[in-house]
Amino acid sequence: MIALVAAQEKVLNAVHQATPRVLPIQEAYGLVLAENIVSREEVPHFANSAVDGFAVRAQDVAHVPATLRVVDEIAAGGIPNVAVGSGETSRIMTGAPMPSGADAVVMVEDSAEGATPNEVVLRASVQMGQAVRPRGDDVHIGDVVFRVGDVLHPAAVGVLASINVSQVSAVPRLRVAVLSTGDELVDDGSPLALGQIRESNRTMLMGLVTQVGCEAVDYGIVRDNEQALEETLRAAASECDAIVTSGGVSMGAYDVVKALLGRIAQMTWMQIAIKPAKPFAFGLLDAPRESAPNRQVPIFGLPGNPVSSLVSFELLARPALRKMMGHSAMHRAQLLAVADTPFLRKTDGKIHFLRVVAKSHEDGRIHVSPVGQQGSHQLAASALANALAILPDGDGVVQGAEVRVVALSDLAQGA
Ligand code: AMP
Ligand code: MG
């Protein structure tokens with residue numbers, strides 16, 4: 001058996017970041033930047049009001065209540081028509097340009113109607129600059145707003161739009177082929193004959209691939225037949241950037257993925273010291289293109305047991321796909337949690353990954369409890385988990401002890 005970290009290192013060392021491409025920002029969400037972004041515009045572009053209220057000279061409201069003459073009304077998108085003089089004010093809306101002469105804004109909540117429609121009574125004093133957003137307050141011309149390696153989260157693409165950057169050089173979304181192998185698999189809704197099972201891994205893996213930010217491409221079920229598998233893998237390699245397969249990597253007589261990759265690809269077959277998901281095959285398949293004669297496509301050969309497939313994807317395929325997508329943080333964050341039940345196990349030389357529900361507790365810590373059935377074929381129980389508890393080799397942990405966990409999705413606030 002090989003240690004998990006050694007297996008992860010082997011796989012990570014064999015894959016490379018994809019070549020950056022210029023993309024419209026609408027397609028860049030979640031991608032990694034391949035250039036520094038320098039702003040050519042100021043945000044905001046002009047001094048404007050942060051509130052709905054009255055643009056004033058601060059000195060005119062030094063003593064309140066103060067009655068001022070309303071000389072103008074400025075909406076967002078509008079233009080001030082007149083300057084604000086001594087004893088005067090302009091009604092102003094959030095985001096509207098500040099009129100000249102005014103140096104602060106009194107919120108509408110601090111105003112009352114005056115004796116005539118042209119007058120307003122202001123009841124609060126303001127400092128110079130109060131409730132005014134100066135020009136360039138958020139971004140200045142020449143600011144490096146994002147750098148190579150930054151992830152284009154939703155707010156980041158929003159910023160790009162705000163500074164009139166409509167396309168960026170980024171590591172493109174990978175196209176990842178997903179296929180399942182097995183003579184026993186059925187996915188057409190027909191009644192199950194003895195020995196048949198409904199295919200589930202492909203649907204799950206396409207979801208996992210999508211979660212990484214890749215485009216999942218469905219290559220269906222391939223029977224346990226080396227020739228059929230070779231045809232599908234070669235087609236997938238020519239059309240996609242990576243391939244994820246399920247099944248056929250164990251020691252059985254029909255484990256065609258392992259057999260075929262050993263023959264046609266540069267394969268590393270591993271028995272990893274983890275439970276579940278011990279067998280794993282990683283291959284590099286030559287898929288030359290005119291523009292890239294040495295092109296190789298990585299193949300992640302995951303085990304067929306559904307829970308093993310899930311864990312294997314998380315621990316081995318996901319970090320590699322993230323590296324290919326340009327992320328420097330390839331692994332999921334680990335946190336310390338409190339075991340709400342004993343997590344007992346036996347020494348067997350492996351790290352155990354237990355499927356658990358992790359909740360943020362009112363004591364401010366994360367608490368975890370197992371989802372129930374932990375068999376590698378029992379996907380229904382695992383589907384309720386939002387984290388994996390990591391149990392190093394040994395006897396496990398007692399109730400109330402700390403256990404390290406990997407969060408697989410958002411943690412809810414629990415009881
Ligand atoms: P294998 O890794 O091919 O030896 O398969 C191990 C176990 O996982 C067997 O019980 C298979 O029937 C089951 N299995 C394999 N592929 C899938 C799949 N795509 N969906 C659901 N179960 C599967
Ligand atoms: Mg099989």
Side-chain angles (χ1 to χ4, degrees), residues 4-37 144-160 165 167-178 204-217 240-244 268 272 274 277 280 282-284 292 295-302 309-335 353 386-388 390 404-411:
L4 175 62
V5 283
Q8 287 173 324
E9 203 172 306
K10 250 188 212 305
V11 173
L12 285 173
N13 285 339
V15 301
H16 308 284
Q17 185 197 291
T19 309
R21 210 180 288 161
V22 176
L23 298 162
I25 61 167
Q26 291 76 8
E27 292 171 23
Y29 162 66
L31 301 183
V32 173
L33 261 183
E35 62 173 337
N36 290 349
I37 303 293
V144 183
V145 284
F146 301 115
R147 293 176 191 277
V148 173
D150 284 350
V151 181
L152 292 170
H153 293 304
V157 286
V159 170
L160 294 177
V165 169
Q167 51 180 36
V168 289
S169 172
V171 184
R173 209 172 292 290
L174 299 180
R175 281 168 58 82
V176 179
V178 180
M204 171 182 75
L205 290 167
M206 290 187 66
L208 289 168
V209 162
T210 308
Q211 267 189 353
V212 184
C214 303
E215 182 191 342
V217 187
C240 296
D241 306 298
I243 302 173
V244 175
T268 316
I272 306 174
I274 55 174
F280 174 70
F282 175 74
L284 290 169
R295 181 172 174 272
Q296 288 190 311
V297 171
I299 302 174
F300 303 92
L302 313 181
S309 232
L310 169 69
V311 171
S312 187
F313 181 90
E314 280 291 337
L315 299 178
L316 293 146
R318 185 180 187 278
L321 293 176
R322 280 181 66 86
K323 178 176 179 186
M324 294 173 75
M325 296 266 294
H327 290 272
S328 51
M330 288 166 277
H331 298 287
R332 288 194 189 268
Q334 295 186 3
L335 23 119
F353 288 88
N386 63 354
L388 298 174
I390 307 171
R404 200 171 263 277
V405 300
V406 186
L408 300 179
S409 56
D410 295 343
L411 302 187

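Atom-to-atom distance recorded for Tyr29:OH and Leu152:CG is 10.5 Å, nearest 0.5 angstrom. Distance check, rounded to the nearest 0.5 Å: OG of Ser169 to CG of Leu33 gives 8.0 Å.
Residues Leu284 and Val297 fail the side-chain proximity criterion, which asks for heavy atoms closer than 4.5 Å. Counting only heavy atoms from C-beta outward, the side chains of Asn36 and Val148 approach each other to under 4.5 Å. In this structure the side chain of Leu31 never reaches within 4.5 angstrom of the side chain of Val171, judged on heavy atoms. Looking only at side-chain heavy atoms (C-beta outward), Ile37 and Val144 stay at 4.5 Å or farther from each other. For the pair Thr268 and Phe280, the minimum side-chain heavy-atom distance is 4.5 Å or more. The closest side-chain heavy-atom distance from Leu316 to Ile272 is below 4.5 Å. In this structure, the side chains of Leu388 and Val405 stay at 4.5 Å or more apart for every pair of heavy atoms. When side chains are defined from C-beta on, Met324 counts as touching Pro298, because their heavy atoms get closer than 4.5 Å.
Under the rule for a side-chain contact (heavy atoms from CB on, under 4.5 Å), the partners of Val212 that lie at least two apart in sequence or sit in another chain are Cys214, Phe313, Arg318, Leu321, Arg322. Residues meeting the side chain to side chain donor-acceptor pair (under 3.5 Å) test with Gln334, sequence neighbours left out: Arg404. Taking Arg332 as the reference, Glu314 meet the salt bridge (charged side-chain N to carboxylate O under 4.0 Å, His left out) condition, with sequence neighbours excluded. Among residues two or more places apart in sequence or in another chain, the ring pair (Phe, Tyr, Trp, His ring centres under 6.0 Å) test is passed with Phe300 by Phe282.
Exactly one residue among Ile243, Leu208, Val217, Val209 makes a side chain to side chain contact (heavy atoms under 4.5 Å, CB included) with Val178. That residue is Val209.
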Output side-chain donor-acceptor pairs under 3.5 Å for residues 7-27, partner residues at least two apart or in another chain, one line each.
residue	atom	partner	partner atom	Å
Gln8	NE2	Leu315	O	2.9
Asn13	ND2	Glu9	O	3.3

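Listed by first and then second residue, the side-chain hydrogen bond (donor to acceptor under 3.5 Å, both in side chains) pairs that reach into residues 205-215 are Arg175-Glu215, sequence neighbours excluded.
Across all non-hydrogen atoms, the minimal contact from Pro172 to Met325 is O-SD, 3.7 Å. Minimum interatomic distance between Leu302 and Ser309 (heavy atoms only, all atoms of both residues): CD1-O, 3.7 Å.
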Quiz item: Under the side chain to side chain contact (heavy atoms under 4.5 Å, CB included) criterion, do Val32 and Val151 qualify, and how do the steps go?
Solution: CA-CA 5 Å; Val32 173; Val151 181; 4.3 Å; yes
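Side-chain N or O atoms of Asp241 include none that pairs as donor or acceptor with a backbone N or O of Leu174 at under 3.5 Å.
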